[in-house]
Protein chains: 4
Amino acid sequence: MLNRVVLVGRLTKDPDLRYTASGVAVANFTIAVNRPFSNQQGEREADFINCVIWRKPAENLANYMGKGSLVGVDGRIQTRSYDNQEGKRVYITEVVADSVQFLESRNSKGGQPQGGGQGSGGYQDNQYQNQQQAPNNNQYSQPTGSPNDNMEPIDISDDDLPF
Amino acid sequence: MLNRVVLVGRLTKDPDLRYTASGVAVANFTIAVNRPFSNQQGEREADFINCVIWRKPAENLANYMGKGSLVGVDGRIQTRSYDNQEGKRVYITEVVADSVQFLESRNSKGGQPQGGGQGSGGYQDNQYQNQQQAPNNNQYSQPTGSPNDNMEPIDISDDDLPF
Amino acid sequence: MLNRVVLVGRLTKDPDLRYTASGVAVANFTIAVNRPFSNQQGEREADFINCVIWRKPAENLANYMGKGSLVGVDGRIQTRSYDNQEGKRVYITEVVADSVQFLESRNSKGGQPQGGGQGSGGYQDNQYQNQQQAPNNNQYSQPTGSPNDNMEPIDISDDDLPF
Amino acid sequence: MLNRVVLVGRLTKDPDLRYTASGVAVANFTIAVNRPFSNQQGEREADFINCVIWRKPAENLANYMGKGSLVGVDGRIQTRSYDNQEGKRVYITEVVADSVQFLESRNSKGGQPQGGGQGSGGYQDNQYQNQQQAPNNNQYSQPTGSPNDNMEPIDISDDDLPF
DNA sequence: TTTT
DNA sequence: TTTT
C-alpha cells in the first residue's frame, strides 16, 4: 500500500550513528520542519520529526551533516512499539528515509568553523541513496579528519565517495 | 518547509468524531498500511498511522467510512506534546490530513450489512477536501439514516453532499 | 535532488507491454486522475498522465490490470525528447513508476466478464515493486489464461507470483 | 483522486510572469532536477520539469527567485492540450505548484551580484503558499528595488511580504 | 487518443 | 489498542 513522505528541514542536532550487533550502520536524526502558517499567537511553529536511515547513507549523513544542516528526506512512515522499563508499551512513529539530500551544510563538527568571509553554504547535488542491499557484516571504516564544511569537491576514491 | 505525506490503507476502526468547545469537528482515525516487503520471518507487517482531519471532511469521514474502509490520505506530519497524568511529557507524531479519498467502503455501521451477492465495493470519486476555512461555530447537523455502503450515487441536496 | 510523485487513478486503456532488444519488459500506460474541484462550467475534469514501468512489474501490470482498473502509482517525473519524422524535437514528460499498487481490477481481457452477482472489486494488497535489478536478457514467458478478475488468491508457484 | 508531486531543483531561467485578461498573475518556470543515478555513459542527467504557479506566489517567485535558484515545489500534475498553428493537437504535462519554497537564491537580476566574500546563500524559511482564493481583478503592485539576493530579513510592510 |  |  502507498506510504510516501517527503520533508525538507534542518537537523536539530548531529545525527546519532550506531551499529547493530552484525555491523549494520544506522543513524537516527530529527529534523525541524517549519510550518507554513502561524498559530493563534502569530508565531511560526515547527514539527520535529524523528527519522532513521540505514547502511552507507547513515554513515554519510553522520560524516557530512550536523546540527542545523538543511536536508531533504524521501521515505516512508514506520510505526513500532517496545516495552519501557516500567513495563509500559511505548508506541513510536518515525520516518524511515530511503534517501537524504544535502541541501546545505551548516555545522562545523570540531573543525574550521563555517561562515566568515568564505562564501559558505553552497549546494552540491549530493544525495544518500539507500541501496537496500543485503546488510554486510564488515565493520565500516569510519572516515576521520576534515569535515569539509564548505562542501567543495573532495578528492577521494570512488569507493569512499558517498555521493 | 516541505512536509508532505501520501498514504493508502485501511481504517483500523471507525473514525472517532468529536467537536471542540467552539463547535469545530475533528476526527481521529488510524490507518493500517501494509508494508511492501516481508520481515525476516517472512511475514508482511503493517504500519499503524494515526491521523486527524478537521471540519466538514471529518464529519464526512465519520459518516461514510468505518473499520476496514480503504482510504487515501494526503497531508502532512505534525508533532505535538502534552503532559500526561503522571506529569510525564508525551510526544505525539501524527498525520494531519488535508484530504481523504474514499477508495472502498467496507463497513455497514448499523444499516443494511454490506456484501452478500450484490456486487459491493464500487468506487466513486469521492474525496474530502479540507477547505481550511475559518472554523464556523454552528453545531453541525449529524446526517443519519442509510449508510449507503455500496457507495452508489445518493440523492441529497448539494449542501449536504460531502463530495 | 527530490523528485517524487504519487497518483491514484484509472487506466484509460490496457497497458502497452513491449520488450527492448535485449529482452527487458517495459509497459506504458495512462491513468486518468479526476481533479478534486470543478471547472467554471461546473464539470469535473481529469488529468491524463502517461506512465512507464519496467521489468517484472511491467509484465504484472499488463497481465492483471486493464482499462478502467484503479491503481496507485509511486514514482518520479522524467523528461526526455526525440526528433519526430518531421525532424522536429518533441518533448515528453511522463512518470516512471517505482511501484504500482492494485486497488481494483476492472477489466476482463477476453475472459469471464467481471461484475454480475458475484461481489466484485475486492482489494488485495498487491503491489508491483520495481526491484531496479540489472536487466535480465531472457525472454519472459507470458502468463496466459484466466485473468482472475475478482482478484481472489490464485494458486501459482511463488516464482510467477507478481505480489 | 490522489495527485501529489514534490520536487527540489533549480530554475533553468528566470520565471516568466504574466497576467490574464482579468488581471490574475501566473508564472511559468522550469526546474532542473538532477537524477540520483548515472546513465550508461556514467553521466548524471537531469529532468527539466515545467511548472506553473498562480496569483501572489507567482509574483513572489518572479520577484525573488531567478535562473539558478534552488526551490522546492509542492503541487500536482496537470495535463492539457491545445491546437498549434499547424492545426495539430499538442499535449502538455506540467506541474501546478500549490507552494514554492525558497531554498537558495542564486541570481542577481540587475542588482548587486551575489557571491563574493560575503557569505552568501543563506536559507530563510520563505514559502509561497497558494491560497486558492478567488481571483482578484486588481492590478498587482509590482515590488521594485533591491532584489536582496542574500535573503536577509527585509523591512517592508506585512502586506507586501511574500512570506 | 482518454478512466468511473 | 490495530486493517484486508
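All of these numbers come straight from a predicted model, not from anything done at the bench. Naming convention: chains lettered A, B, ... in sequence-line order (proteins, then strands); numbering from 1 in each chain.
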Engineer: Name all residues meeting the side chain to side chain donor-acceptor pair (under 3.5 Å) criterion together with B/Q78; count only those two or more places apart in sequence or in a different chain, and write none if there are none.
Structural biologist: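 Residues passing side chain to side chain donor-acceptor pair (under 3.5 Å) with B/Q78: none at all.
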Engineer: Send over the distance from B/M65 CE to F/dT4 P, rounded to a whole Å.
Structural biologist: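 Answer to the nearest Å: 14 Å.
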Engineer: Give the rounded distance in Å between these two atoms: CZ of B/F29 and P of F/dT1.
Structural biologist: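 Interatomic distance, CZ of B/F29 to P of F/dT1: 22 Å.
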Engineer: Roughly how many Å is it from NZ in D/K88 to P in E/dT1, rounded to a whole number?
Structural biologist: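 So the NZ-P distance, D/K88 to E/dT1, works out to 12 Å.
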Engineer: Within the 3.5 Å criterion, strictly below it, is a donor on B/N63 or B/E59 matched to an acceptor on the partner's side chain?
Structural biologist: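 Their side chains do not contain a donor-acceptor pair, so the 3.5 Å distance test is not met.
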Engineer: In whole angstrom, give the distance that lies between atom CG of C/D47 and atom C1' of E/dT3.
Structural biologist: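 It is 12 Å, rounded to the nearest whole Å.
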Engineer: State which of F/dT2, E/dT3, E/dT1 makes the closest approach to the side chain of A/Y91.
Structural biologist: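 The listed nucleotide nearest to A/Y91's side chain is F/dT2.
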Engineer: Counting side-chain heavy atoms from CB outward, which of E/dT3, E/dT2, F/dT4 is closest to C/A32?
Structural biologist: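 Looking only at side-chain atoms, C/A32 lies closest to E/dT3.
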Engineer: Quickly work out the C/L7 CG to E/dT2 P distance and round it to whole Å.
Structural biologist: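 After rounding, the gap between these two atoms is 19 Å.
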Engineer: Taking only residues two or more places apart in sequence or in another chain, which ones pass side chain to side chain donor-acceptor pair (under 3.5 Å) with C/D16?
Structural biologist: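 Testing C/D16 for side chain to side chain donor-acceptor pair (under 3.5 Å), a comparison that skips the adjacent residues, returns C/R18.
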Engineer: Using salt bridge (Lys or Arg N to Asp or Glu O under 4.0 Å), reason through C/R35 and C/D47 one step at a time and then give a plain yes or no.
Structural biologist: CA-CA 7 Å; C/R35 296 187 184 161; C/D47 295 294; 2.6 Å; yes
Engineer: What's the CG-P distance between B/N34 and F/dT2, to the nearest Å?
Structural biologist: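 Whole-Å distance recorded here is 15 Å.
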Engineer: Could you work out which one of F/dT3, E/dT3, E/dT1 sits closest to the side chain of B/F48?
Structural biologist: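 Of F/dT3, E/dT3, E/dT1, F/dT3 is nearest to the side chain of B/F48.
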Engineer: For A/I92 and F/dT1, give me the distance from atom CD1 to atom P, rounded to whole Å.
Structural biologist: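 Atom CD1 in A/I92 sits about 15 Å away from atom P in F/dT1.
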Engineer: If you only use heavy atoms from C-beta on, which nucleotide in E/dT3, F/dT2, E/dT1 is closest to the side chain of C/A46?
Structural biologist: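 My answer, after comparing the listed nucleotides, is E/dT3.
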Engineer: What's the closest nucleotide to the side chain of B/K67 if the choices are F/dT3, E/dT2, F/dT2?
Structural biologist: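 Nearest nucleotide to the side chain: F/dT3.
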Engineer: Among the candidates E/dT4, F/dT3, E/dT2, find the nucleotide nearest to the side-chain atoms of C/T30.
Structural biologist: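 Ranking E/dT4, F/dT3, E/dT2 by closest atom to the C/T30 side chain puts E/dT2 first.
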Engineer: To the nearest angstrom, how far is B/I49 atom CD1 from F/dT2 atom P?
Structural biologist: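 It is 16 Å, rounded to the nearest whole Å.
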Engineer: Are there over 12 heavy-atom neighbours, none belonging to B/Q40, within less than 6.0 Å of that residue's CD?
Structural biologist: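 No, not enclosed.
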